[in-house]
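Remarks on the structure that follows.
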Amino acid sequence: MVGKLFKYEFKYYLRWLIPIMSGCVVLALTSKLFYLVRDVQELYLITQMVYSTYTMLIGAAVVLGYVIVALRFLKSTFTQEAYFTHTIPVKPSTLLNVKFASGALFMIVIIAGAVGSFIMMFTGSVFSTVTKGVADMISSAFRENALGNFILGVFEVILLSLLVIFVEILHPYAACAIGQRMKSKTGGAIMWYFIIFAIIRAGSTLFMIGNLSWISALESIEESGRVVPTVSPHLIMWIYISVVLAVDLTFYFITRHRLKKKLNIT
Amino acid sequence: MESEYILECINLSKSYGTIPALRGVNLRLCRGRIVGLLGPNGSGKTTLIKLANGLLTPTDGEILINGMKPGVETKKIVSFLPDRDFLPAWMTIEKAMRYVRDFFPDFRLDAASEMIARLGLDPKQKIRTLSKGNREKVSLISAMSRDAKLYLLDEPIAGVDPATRDYILETILQNYAENSTVVISTHLIADVEKILNDVVFIKNGSVDLYRSADEIRETEGMSVDALFREVYRW
């Protein structure tokens with residue numbers, strides 16, 4: 001049953017994925033043409049406009065991806081198709097897990113596509129500079145016997161990025177799940193999205209202030225003429241990872257609880 | 001193990017905020033019957049059907065399907081036809097039928113294909129391009145092509161022309177599995193009366209009457225429709 005649920009989620013997302021990814025490729029190739037003639041003074045203004053448009057559209061593709069994931073969840077779980085979805089003989093938690101996993105995979109592919117599109121556009125000097133920089137970092141870490149540290153750092157960045165992607169998916173899920181108690185489910189979802197958004201913003205601001213105060217209160221050492229706090233960057237990363245993970249889990253369990261105990265398909 | 005009753009409500013109540021939709025309903029439906037859940041608009045018919053499907057949670061009391069609370073096991077044996085479009089609009093009729101079959105092993109694709117052909121529907125047509133009446137027919141086909149133990153049909157004939165109503169009722173009669181119970185929620189009593197075995201009158205969230213249709217006709221000397229009009233006259 002889980003496999004079939006995945007099958008239909010993927011079918012739905014595939015309908016969007018193909019045009020979005022094709023769009024990323026076309027945009028990258030178009031921008032690449034202008035990138036090649038970037039030194040022609042007469043085309044300077046047009047080139048800059050193309051770059052800006054390209055960057056905005058790639059950003060819009062990622063935002064569109066999140067909107068598609070949120071709408072898919074709202075429509076299939078709380079409106080229209082919900083009348084079928086909730087008669088499928090599976091547990092509510094299974095439904096949520098499948099929807100979340102397929103939505104997350106869809107977003108990872110979209111973001112990978114957007115990053116790939118940038119790489120495609122800048123393939124050439126910039127790309128080689130970036131790859132050379134990464135290679136230098138690895139060899140330097142290797143020389144200083146800090147390869148383990150480097151790998152841990154990369155792992156932390158990837159983990160944190162994934163958790164941030166999950167927050168952006170689970171936030172509208174939780175908003176839909178809470179908002180379904182209202183007469184207009186779409187209106188309720190939008191209202192709760194912004195309420196949660198405001199809470200997160202306030203919370204993250206307080207967290208940042210607390211974090212900065214804590215770091216500045218720590219003993220510092222002078223290194224190459226700079227004052228550097230003694231706190232390990234890994235510790236800071238794990239604090240961030242823990243906080244984002246806690247937010248993820250909160251959203252997940254709110255959504256699961258609502259689906260399990262407070263379903264209200266009116 | 002099979003319970004004596006296919007559907008059982010024990011002191012079942014449901015409120016939407018402060019507004020009660022069902023008030024302490026006690027009801028036991030037997031197997032192998034076609035039951036009309038009859039009541040005026042807003043009487044609580046749809047709420048009762050949604051509770052049976054697990055789309056809503058009771059405020060008080062409980063509802064049991066084959067002796068179990070609504071959940072994974074009950075969903076395997078209940079076929080539900082909601083009062084609105086529920087199949088993905090982006091699918092073709094053919095794909096929508098396969099979609100239902102994928103989740104319900106008791107779905108008979110051959111029976112569905114036969115009904116689609118009889119209605120002259122194009123299986124390759126997308127659901128979103130169908131007329132309202134045809135969408136309702138497709139929904140009914142998806143519900144009646146299953147070998148379920150309990151069919152819960154919410155307003156299956158509302159919003160369709162009289163000729164289509166007859167076809168829908170005929171489809172229900174021809175396709176429901178033997179020893180299954182069919183619950184038809186409607187306020188169009190005259191149209192469904194001829195196929196009903198039992199009748200449940202529901203008003204303001206309470207069950208007013210639960211008797212066999214024949215018994216009503218014999219003891220009251222009038223049709224179910226006439227009795228309904230008399231009981232619920234404004």
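Numbers restart at 1 for each chain; the letters A, B, ... are given by sequence-line order, proteins then strands.
- At a 4.5 Å heavy-atom cutoff, the contact between B/Tyr16 and chain A is made by side-chain atoms alone.
- Remark: the B/Asp154 side chain and the B/Ser185 side chain contain an N/O donor-acceptor pair separated by less than 3.5 Å.
- Proximity to chain A (any heavy atom under 4.5 Å) is shown, for B/Asp102, by both the backbone and the side chain.
- Proximity to chain A involves both the backbone and the side chain of B/Phe103, based on heavy atoms less than 4.5 angstrom apart.
- Between the side chains of A/Ser76 and A/Lys99, a donor-acceptor pair is found at a separation under 3.5 Å.
- Looking at A/Lys7, the atoms closer than 4.5 Å to chain B (heavy atoms on both sides) all sit in the side chain, from C-beta outward.
- Using a 4.5 Å cut-off between heavy atoms, B/Lys50 contacts chain A through its side chain alone, with no backbone atom that close.
- Looking only at heavy-atom pairs under 4.5 Å with chain A, the residue among B/Lys76, B/Met91, B/Glu73 that has the most is B/Lys76.
- Relative to the six-membered ring of B/Tyr151, B/Arg146 misses at least one condition, a distance below 6.0 Å or an angle of at most 45° to the axis.
- For a residue to count as touching a neighbouring chain, one of its non-hydrogen atoms must lie under 4.5 Å from one of that chain's; by this rule B/Val78 does not touch chain A.
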Test ring pair (Phe, Tyr, Trp, His ring centres under 6.0 Å) on A/Tyr173 and A/Tyr252; report intermediate values, then the result.
CA-CA 8 Å; A/Tyr173 276 20; A/Tyr252 176 83; 9.3 Å; no
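- For the residue pair B/Arg31/B/Asn66, the side-chain donor-acceptor check at 3.5 Å is satisfied.
- In this structure, A/Arg15 satisfies the cation-pi test against B/Trp90, with its NZ or CZ atom closer than 6.0 Å to the six-membered ring centre and inside 45 degrees of the ring normal.
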